[in-house]
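The figures that follow rest on heavy atoms only: side chains count, while hydrogens, waters and symmetry mates do not. Each residue takes its place number in the sequence, starting with 1.
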Amino acid sequence: MNIRYRDFKKQESELYDKIWQLSEELERQDIEGKDTTDTIQRFGEVLEEFMLFRRQGGKDPLINGKP
């Protein structure tokens with residue numbers, strides 16, 4: 001398996017985990033009636049990072065499986 005592909009998948013998985021954790025934290029804070037402003041800001045930052053990551057990764061022909 002291509003090393004760059006494995007690195008891409010590892011980074012992608014780490015970002016998915018961050019998104020999941022922040023989503024869970026937001027839900028918990030909302031249920032507890034706590035201020036979610038900071039968590040929402042961090043959530044937005046991680047989503048932006050994820051979108052940029054996907055855009056950059058999507059342009060790599062080795063990651064897309066193209067020669």
Side-chain angles (χ1 to χ4, degrees):
M1 182 179 278
N2 186 322
I3 291 173
R4 286 177 25 187
Y5 178 78
R6 282 186 289 182
D7 289 343
F8 175 86
K9 291 311 259 182
K10 180 182 177 200
Q11 290 173 339
E12 182 181 50
S13 180
E14 289 170 356
L15 286 169
Y16 280 137
D17 288 344
K18 284 182 186 178
I19 291 168
W20 178 262
Q21 290 169 359
L22 286 169
S23 177
E24 291 289 312
E25 185 177 337
L26 275 171
E27 183 177 0
R28 181 184 49 79
Q29 287 176 339
D30 186 48
I31 289 170
E32 294 173 358
K34 294 183 178 179
D35 182 19
T36 58
T37 305
D38 181 55
T39 306
I40 290 172
Q41 183 177 0
R42 288 186 293 138
F43 192 79
E45 291 168 359
V46 171
L47 287 177
E48 286 181 33
E49 181 182 354
F50 179 75
M51 289 172 37
L52 178 61
F53 171 78
R54 292 295 296 200
R55 272 191 232 126
Q56 289 175 346
K59 293 179 181 176
D60 188 334
L62 293 175
I63 290 172
N64 285 331
K66 298 175 186 171

Cluster question for you: counting only ILVMFWY and a side-chain heavy-atom cut-off of under 4.5 Å, with indirect links fine, are Val46 and Ile40 together?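 Yes.
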[atom1] of [X] to [atom2] of [Y]: how many Å apart, nearest 0.5 Å?
{"X": "Leu22", "Y": "Thr39", "atom1": "CG", "atom2": "OG1", "result": "7.0 Å"}
{"X": "Glu12", "Y": "Arg54", "atom1": "CD", "atom2": "CZ", "result": "4.5 Å"}
{"X": "Asp38", "Y": "Leu26", "atom1": "CG", "atom2": "CG", "result": "10.0 Å"}

Report the C-alpha separation of Glu14 and Lys10 in whole Å, then their side-chain angles, then the decisive distance to 0.1 Å, and conclude whether the side chain to side chain contact (heavy atoms under 4.5 Å, CB included) test is met. CA-CA 6 Å; Glu14 289 170 356; Lys10 180 182 177 200; 3.3 Å; yes
Residues in ring pair (Phe, Tyr, Trp, His ring centres under 6.0 Å) contact with Phe43, at least two apart in sequence or another chain: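 Scan of Phe43 (ring pair (Phe, Tyr, Trp, His ring centres under 6.0 Å), adjacent residues dropped) gives none.
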Charged N to carboxylate O below 4.0 Å: is that the case for Glu45 and Arg42?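 Answer for the salt bridge query: no.
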So which heavy atom on Asp35 is nearest to which on Gln29, and how close?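 Of all heavy-atom pairs spanning Asp35 and Gln29, the closest is O-OE1, 3.8 Å.
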Testing the basics here: between Thr36 and Asp30, what is the closest heavy-atom pair and its distance to 0.1 Å?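 In terms of heavy atoms, the two residues are closest at CG2-N, 4.1 Å.
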Could you check if a side-chain atom of Gln21 sits within less than 4.5 angstrom of a side-chain atom of Glu25, using non-hydrogen atoms only?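 A side-chain contact under 4.5 Å is absent here.
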Classify the ring geometry between Tyr16 and Phe50 as parallel (under 30°), tilted (30 to 60°) or perpendicular (over 60°).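 Rings of Tyr16 and Phe50: tilted, as their planes differ by 30° to 60°.
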